[in-house]
Amino acid sequence: MADDIIAVKPEIAAKARIDAARRDAMVTAEARDPEAFWRGEMSRIAWMKEPTKIKAVDFNGDVSIKWFEDGVLNASVSCLDRHLATRGDQVAIIWEGDDPNSDAKVTYRELHARVCKLANAMRRLGVKKGDRVCIYLPMIVEAAVAMLACARVGAIHSIVFGGFSPDSLSSRIQDSECTLLITADEGRRGGRKVPLKANADEALLTCPSIRHVVVAKNTGGNVEMMSGRDHWWDALTGGEAATCEPEPMGAEDPLFILYTSGSTGKPKGVLHTTGGYMVWASYTHQNVFDYRDGEIYWCTADVGWVTGHTYIVYGPLANGATTLMFEGVPSWPDNGRFWQVCAKHKVNIFYTAPTAIRALMRDGEGPVKKHDRSALRILGSVGEPINPEAWLWYYRVVGDERCPIVDTWWQTETGGILISPLPGAVAQKPGSATLPLPGVKPALVDNEGNLLDGATEGNLVLLDSWPGQMRTIYGDHARFGQTYFSTFKGMYFTGDGARRDADGYYWITGRVDDVINVAGHRMGTAEVESALVAHPAVAEAAVVGMPHEIKGQGIYAYVTLKAGVEATEVLRKELVAWVRKEIGPIATPDAIQWAPGLPKTRSGKIMRRILRKIAANETEGLGDTSTLADPGVVQELIDNKVG
Ligand code: ATP
Ligand code: MG
C-alpha cells in the first residue's frame, strides 16, 4: 500500500505553472548558476532598492546566512501597496468565524487602510524599527493587520498562540523583551470563550518591558483596562490616517521571531529576516499550491504557528491571493465544519495537518460527503508525517481522487516548504513528501556525518542555504550554531530522520531522537505508527522505544481506538499480529497501551518525548510541558501504564 504511486494527472499538468519539464529546467538552472536563478526569483517581491548581492552563506565557524543583503524593502508593500492598482477591490481575506453564521470579507484596499492606521498609531506610541511587539490574538482579521502593521514600521513581531497560558505568554515576552502587546478582549474556539485579556493581565505582572497594550474588541466581554497602559484598538486608530510611510528595511533586518512548537524540548526563538523570507514565502506558496489568480485558498493553521505566518499571511498576500482565515475548530458545531466551510466559500486549495485528518477519519465519510467539495483542486498536509492510510482517505474521500495532495515537509526554522510534490510535476506516493523543491539540497548522512548515496536511511540535513532559512536564535547566536550546525560539520541538521527510496523520494521517519533500535535494527516511529493506523479499529497511534533487557530497546505503542471500538485483550493480540504481518517480526510491539488521548502540542503534534519517559517509568522529570494542549492526558497515561 505504501508503495502506491499516483501519477500526475494530464489535465493538471497541462494547466500547471510547473510541469515535469519545467521543474527539470528549474533544477538544472539553479544547479548551473544559483545566483542567476535567485536573482530571477527575487523580482517576485517589491524592492525599494534592488539587491546586487545575492548570497553570502557560511555554515561553518560562527555561521552567517545572508541573502539579498544590500536590498531594501518593506514586506507590507509586497503584500498590500503593490496590489492596490490592479486588485484593490479584490478580497484579500475571507474571515470565517467560530460561529457558522459570522463571516467577513476584507479587500486589499481595506486591509491596506487598516494596516496603515494601526501602524501610525504604533509609531505614535513610540514603536520604532527593531522593537519587539508581541501579538496574542485569536484568528481574527486583526491578527493579520497587526503582523503587517509591525512590518510597516519595522517592528519585529513575535506571535504567541492564543491558546497559550499566561506563563507561556510571559516567558516568550520576556525572552525577546517586547515593548508592546497586541491582544483582544476574548477569543472564541469551539463555542467557548478564551479570556485573552485576562491571561495577558496575569502574564504582564512579570513583564516589565511592556509599555503599552492594544486591545481589539472581539466578543465585547468585560475586561479590565489599565489606564495609561491599555488602549482599545478602535479608539487608538480611529483618528489615524489611512496611509503610512513604510519603513525602509534592509533585506537582512528581522521580520519576526517565532518560538518553535516545543515537540522536542524548550521552544527556540527562531528569527527570520525580511528579503529572503518574503521571496521564499511567495515562491513556495505559488508553486507548491499552483496558485492561480482568483482562487480561494485556505490554510487551516493558526497564525500562532509558522504555517500561519507563511501560508495564511505573507505568502498568499505577496501573491495577491484570497486567503481564508478560520477562527474555529474542525469539530464544532459538528465534525463536518471543514467541509461546510469549503462548500460555503468554494475553496479551491485546502491545506491542513495530519492530526486533523486522523481525527476526522474517526467519524467516517458521512460528514465529508454531506458537503459539496467540487471546487477543491489541490489538497495539502503539513506538521507531521502523514500515515499512508490517512493520505489515502484524504485523497479518496475528501478529494474524490481528483485532487493532488502536496505533503509538505518543513520547519519553523526553514521559513517555508522545502520538500514537497509540485502538483503538476511530481507523482505522489502516499506517505512521502517526495522531492525537494528546485533550489533545495537535502541529503542523508550517517551518525558520523558521511553522505549516504542512493536508496538508504539516515539523518536529514540540508547541504546549502535557501533564502527562507532562519538566521539565528533570537539573542543566542551561539545556541543557533550549536543546535543546527555542530552535529554535522558544514551542514544544517534538521533533527529529523528520513528514508530515501530508489526514485529519490524522501519519507520522513520522525525525529532522530525517536528512532528505535531494536536488537540492532533501526526503525522510525512513523513506520510502526502507520502500520497500526492502517488497522480498521485504530484511529491514532504513537510509538516509542522502551528499555528492553535483551533487545536493547523494545517497542511501546500507545493506541487510540476509533469511536465505538472496545478495547479488549483479543484486539490487543490482533494488533500485535497485524504489525508483525505489515512490517515484520522485528517490529512486534512489546507493549500496547490503550490511550483515550495522546499528549500533543498546541499545534497538534504528538510529543513523543513524554511518551518515551512514561514507557521507561521516568515520570519524575518530564521536561517542559508548557506547550501541551491537554496536560491531563499525561497523568491518565501514567496511571494506566502497561507492564
Ligand atoms: P521543536 O523544534 O520545538 O521540538 P517542532 O519541531 O514540532 O518543535 P515545528 O517547526 O512546528 O516545531 O515542526 C517542524 C517539524 O514537524 C519537522 O522537523 C518534522 O519533524 C515535522 N514535520 C513537518 N511537516 C512534516 C511532513 N510533511 N512530514 C513529516 N514531518 C513533518
Ligand atoms: Mg523542531
Side-chain angles (χ1 to χ4, degrees), residues 159 161 168 172 257-270 272 284 288 299 301-311 351-358 379-388 390-391 394 405-421 428-437 442 459-462 468-470 473 479-480 483-484 487 492-499 505-515 524-527 529-530 599-610 612 623-629:
I159 306 191
F161 171 54
S168 304
R172 285 164 179 73
I257 299 164
L258 182 63
Y259 293 85
T260 54
S261 64
S263 306
T264 58
K266 190 178 181 300
K268 302 170 275 280
V270 167
H272 282 286
T284 53
V288 171
C299 164
D302 191 283
V303 290
W305 315 122
V306 72
T307 308
H309 284 60
T310 309
Y311 299 112
Y351 189 29
T352 195
T355 181
I357 298 167
R358 290 190 300 254
L379 301 174
S381 170
V382 62
E384 287 182 294
I386 177 165
N387 323 97
W391 196 104
Y394 197 24
I405 294 184
V406 289
D407 173 6
T408 62
W409 175 85
W410 60 295
Q411 312 178 293
T412 309
E413 294 89 337
T414 70
I417 298 164
L418 295 194
I419 304 181
S420 167
Q428 297 133 70
K429 299 187 189 184
S432 169
T434 76
L435 301 174
L437 299 184
N459 302 294
L460 180 63
V461 297
L462 278 309
Q469 184 171 21
M470 77 182 281
I473 291 178
R479 186 178 172 206
F480 176 60
T483 307
Y484 303 104
T487 318
Y492 168 80
F493 177 40
T494 65
D496 287 344
R499 177 164 73 81
Y505 277 41
Y506 285 85
W507 301 72
I508 309 299
T509 50
R511 327 287 174 146
V512 293
D513 295 350
D514 292 330
V515 168
T525 48
E527 204 180 352
E529 288 165 8
S530 291
K600 291 188 181 174
T601 63
R602 300 276 174 166
S603 55
K605 293 167 198 265
I606 300 168
M607 244 196 228
R608 289 183 189 73
R609 68 184 165 86
I610 290 184
R612 216 164 36 222
D624 184 9
T625 53
S626 63
T627 65
L628 271 181

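Fair warning: this is a prediction, and the values are worked out from it, not measured in the lab. Order of listing sets the numbers, starting from 1, for every ligand and every atom in it.
- Looking only at distances, no side-chain donor or acceptor of H272 sits under 3.5 Å from a matching main-chain atom of I257.
- Regarding atom 7 (O) of ligand 1, its nearest protein heavy-atom neighbour is S263 OG, 2.5 Å.
- Distances from atom 29 (C) of ligand 1 to the heavy atoms of P385, A526, G510 show the closest one on P385.
- Here the protein heavy atom with the shortest distance to atom 17 (C) of ligand 1 is D496 OD2, 3.2 Å.
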Listing, residues 411-419 side-chain donor-acceptor contacts under 3.5 Å, not counting sequence neighbours, or none:
from, atom 1, to, atom 2, distance (Å)
Q411, OE1, Y492, OH, 2.7
Q411, NE2, T494, O, 2.8
E413, OE2, Y484, OH, 2.8
T414, OG1, Q411, N, 3.0
T414, OG1, Q411, O, 3.0
T414, OG1, G416, O, 2.8

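- Nearest heavy-atom pair across Q428 and I405 is OE1-N, 2.8 Å.
- Evaluated by nearest non-hydrogen atom to atom 2 (O) of ligand 1, the leading choice among M607, K605, Q411, K268 is K268.
- Applying the 4.0 Å criterion to heavy atoms of T408 picks out, from ligand 1, the atoms 24 (N), 25 (C), 26 (C), 27 (N).
- The two residues G380 and Y394 come nearest to each other via the heavy atoms O-OH, 2.8 Å.
- Nearest to atom 10 (O) of ligand 1 among the protein's heavy atoms is T412 OG1, 2.6 Å.
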For this session: Starting from the C-alpha separation in whole Å, work towards a yes-or-no answer on side chain to side chain donor-acceptor pair (under 3.5 Å) for T355 and K600.
Result: CA-CA 10 Å; T355 181; K600 291 188 181 174; 3.0 Å; yes
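- For a threshold of 3.5 Å applied to N or O pairs, the pair formed by G262 and ligand 1 contains at least one separation below that value.
- Shortest contact from atom 4 (O) of ligand 1 to any protein heavy atom: T264 OG1, 2.5 Å.
- For atom 28 (N) of ligand 1, the nearest non-hydrogen atom from the set M470, E384, R511 comes from E384.
- Judged by a 6.0 Å distance limit and a 45° cone about the ring axis, R172 is positioned over the six-membered ring of Y259.
- Taking distance alone, with nitrogen or oxygen atoms compared against 3.5 Å, T260 approaches ligand 1 more closely than that limit.
- Contact check on R358 versus E384 returns a salt bridge, with a Lys/Arg side-chain nitrogen under 4.0 Å from an Asp/Glu carboxylate oxygen.
- Proximity to W410 (heavy-atom distance under 4.0 Å) selects the following atoms of ligand 1: 14 (C), 17 (C), 23 (C), 24 (N).
- Not counting sequence neighbours, the partners of F493 by the ring pair (Phe, Tyr, Trp, His ring centres under 6.0 Å) test are F488.
- No part of W305 comes within 4.0 Å of ligand 1, judged by heavy-atom distances.
- Residue, atom and distance of the protein heavy atom nearest to atom 21 (C) of ligand 1 are G383 O, 3.3 Å.
- Between S261 and ligand 1, a contact under 3.5 Å exists for at least one N or O pair.
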For this session: Verify side chain to side chain donor-acceptor pair (under 3.5 Å) between Y351 and T408, making sure each step is shown before the conclusion.
Result: CA-CA 10 Å; Y351 189 29; T408 62; 2.6 Å; yes
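- Contact annotation: for V306 versus ligand 1, there are no heavy atoms closer than 4.0 Å.
- T601 places no side-chain N or O within 3.5 Å of a backbone atom of L628 that could act as its donor or acceptor partner.
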